[in-house]
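Encoded as structure tokens, the structure appears first; notes follow it.
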Amino acid sequence: MTAPVIEFRGVGLTYPGPPAVAALRPCDLRVPRGEFVTVVGPSGSGKSTFLNVAGLLDSPTCGRYLLDGIDTAALPDRSRAALRGRRIGFVFQAFHLLPHRSALENVTLAMLYTEVPRKERLVRAREVLAQVGLAHRADAVPGRLSGGERQRVAIARALVGRPSLLLCDEPTGNLDSANAASVLALLDELHGAGMTVVVITHDPGVAARGHRTVTLHDGRLRA
Amino acid sequence: MTPPVRTTRLSARDTLSEALAGILRRPGRAVLTALGTVLGVGSFVAVLGLTATLSSRIDGRFNLLTATEVSVQDVAAEHDEFAGPAFPADAEQRLRQVAGIAHAGVLWTVRLDPGTAVGSLPTGAGAGAAEGGAGGGGTAVVAASPGAVAALAPTLRQGRLYDEFAERTHQRVAVLGSGVADRLGITTLATRPVVHIGQEPFTVAGIIADVERRPEHLLSVLVPRATAEELWGPPGPASASLLIDTELGAARQVAGLVPLALRPDHPEYLKAVPPPDPRVLRSGVTSDLSALFLLLAGICLVIGAVGIANTTLVAVLERTGEIGLRRALGARGRHVWAQFLTESAALGALGGLVGTALGELTVVGVSLVRDWTPVIHPATVAAAPLAGLLTGLLAGLHPAWRAARIEPAEALRR
Ligand SMILES: Nc1ncnc2c1ncn2[C@@H]1O[C@H](COP(=O)(O)OP(=O)(O)OP(=O)(O)O)[C@@H](O)[C@H]1O
Ligand SMILES: [Mg+2]
């Protein structure tokens, strides 16, 4: 049997402050390979904090976090960077697209650090942009894209590195129902292909798509 | 411990293309950032170029001729009123012993009695002032040994110079400067023309078109030294001088040896004047002119560096989100560091290139206006963009370090 993709053992994160904020209280969580988990909770409940910890962008202040069975606490910075680059795909709440680069270049950026040859980067980026229905906007800069189009570029960037874990912070937050439906269909498809997906949302409709919904309230996680 | 996954990497080519994209996608900002370096490097090149141009002009003035000329003055009268002429009669023979001398000879302007003039016809006592009296034409009679004539480096228009034989046999021959020949209307030697100095007739042996030293002698009649001494007596105190044409590089050494070779008893009677040392003059120009400007250029470059450092630091803070994103996509701190450092170095190099071009334009422009030949050392042209690159590199160190230290989660929250 393989190790779960995410395994929290008493993981918690307190921002030192002052005043100290217990953004994520110590909790246990297991997300087995191939699962589709949704995380819900009110604003400020610690959803983005949870995602940062799960994505190795932030280190927990207590507990042990095992990613794919690897104890991440002992890892040097270069291994954390490598895990982020090669195994995890991020879709951020604020997109974080580079404003002066085209959609295509923004997507290729996800392969810059993982030794994908330059030519292949372009080919793959075009493929994934087509997959999210943006083939015709590949050369536009983010400033010329609609909110929904930007979100889809961000999703394309998260997918293009073929991660084993996809972490999405409000991936449908800016989309109308039609676009949201197509993004959700895409997530379903990826999950169907074996990808482990964690989606943060406050939309009950989106939350219902997951196998399992985890609730956050005041930093307290309930599986 | 072996890492559980292959570490990420950023190839040199990708680092460069990311850095260039960072610059080229925001050209306006890049120009402003690099402006200081452009000005600094530009003024460096301009100052060095103008200095090189000026010193080459000085070098030009110190051409071969001036560098190989030594003149020796008779200063005997300063030491002893009754010393008499300082140059021995056999001066030229003695100088054969000194190495490094090509031509040498004694010459002086003959003091003629009032009323004695140079003309086609006899003049002087009883004859009255003839055509072209001494005052009007200003024709000087110069006693010059054959060696002295050769040391003038003359170009003949017609005829020949008188030789040692003419000197030894006290011949009445003369070589005319072109100015004198023109004034006397002597155009050809085919008619064996004669000039009179006072009553004394001299056969014209040759006409000098030009001399490379002492151009005043183009207005003189040159006669053999021995002839002059026989007719008009020895040179007056302090009127004779010795002109020496030395071999290249020997001038200073010759100047040191000659007084002793000619007057071992009283070397102080002779004062040898070597050519000025061009190196001394050039370094004088360099230190006077360019030290200040180089300082200013240096200040410009420092300002340029501070400018790049500031703008890059602002860019780092502004691009915190980008840094966080790159870290999320697998970039290590050192990748971020390399990217920002390369960006600032590339900006510096670009500024250096533009500055070099502007500096060269300045040198060429100034030279054009002043009618100089612009000289820029290749080393300056090669080093200037490197100076820009170095400036950018140094300026980028701190911002790049700051960028590398930004925590990914912190950066993404912006
Ligand atoms: N760097 C920080 N220092 C101190 N407190 C922080 C910091 N970052 C977040 N917090 C606090 O931690 C709590 C959880 O924040 P988080 O961003 O995880 O909320 P969230 O659930 O993602 O909210 P939203 O739905 O609005 O995005 C909040 O109370 C927030 O103010
Ligand atoms: Mg959030």
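Keep in mind that what you see is a predicted model, and the values were worked out from it rather than measured. We name chains A, B, ... by the order of the sequence lines, and we start the count at 1 in each one.
- Here the closest non-hydrogen pair linking Gly352(B) and Thr37(B) is N-CG2, 4.2 Å.
- Using a cut-off of 4.0 Å between Lys/Arg side-chain N and Asp/Glu carboxylate O, Asp71(A) and Arg9(A) are scored as not salt-bridged.
- In this structure, no portion of Arg80(A) lies under 4.5 Å from any heavy atom of chain B.
- Around the CZ atom of Arg334(B), the shell of radius 6.0 Å holds no more than 12 heavy atoms that belong to other residues, nucleotides or ligands.
- Chosen from His100(A), Met111(A), Gln93(A), the residue pairing most often with chain B at heavy-atom distances under 4.5 Å is His100(A).
- Heavy atoms closer than 4.5 Å to chain B are found in the side chain of Leu98(A), but not in its backbone.
- Between Phe8(A) and Tyr65(A), the two ring planes are perpendicular [angle over 60°; tilted spans 30° to 60°].
- In this structure, the side chains of Glu115(A) and Arg86(A) come closer than 4.5 Å at one or more pairs of heavy atoms.
- Neither the backbone nor the side chain of Ser11(B) comes within less than 4.5 Å of any heavy atom of chain A.
- In this structure, chain A has a heavy atom under 4.5 Å from the side chain of Arg26(B), while its backbone stays farther away.
- Comparing Glu407(B), His335(B), Glu18(B) by how many heavy-atom pairs each has under 4.5 Å with chain A, the most go to Glu18(B).
- With a 4.5 angstrom heavy-atom cutoff, Glu105(A) touches chain B only via side-chain atoms.
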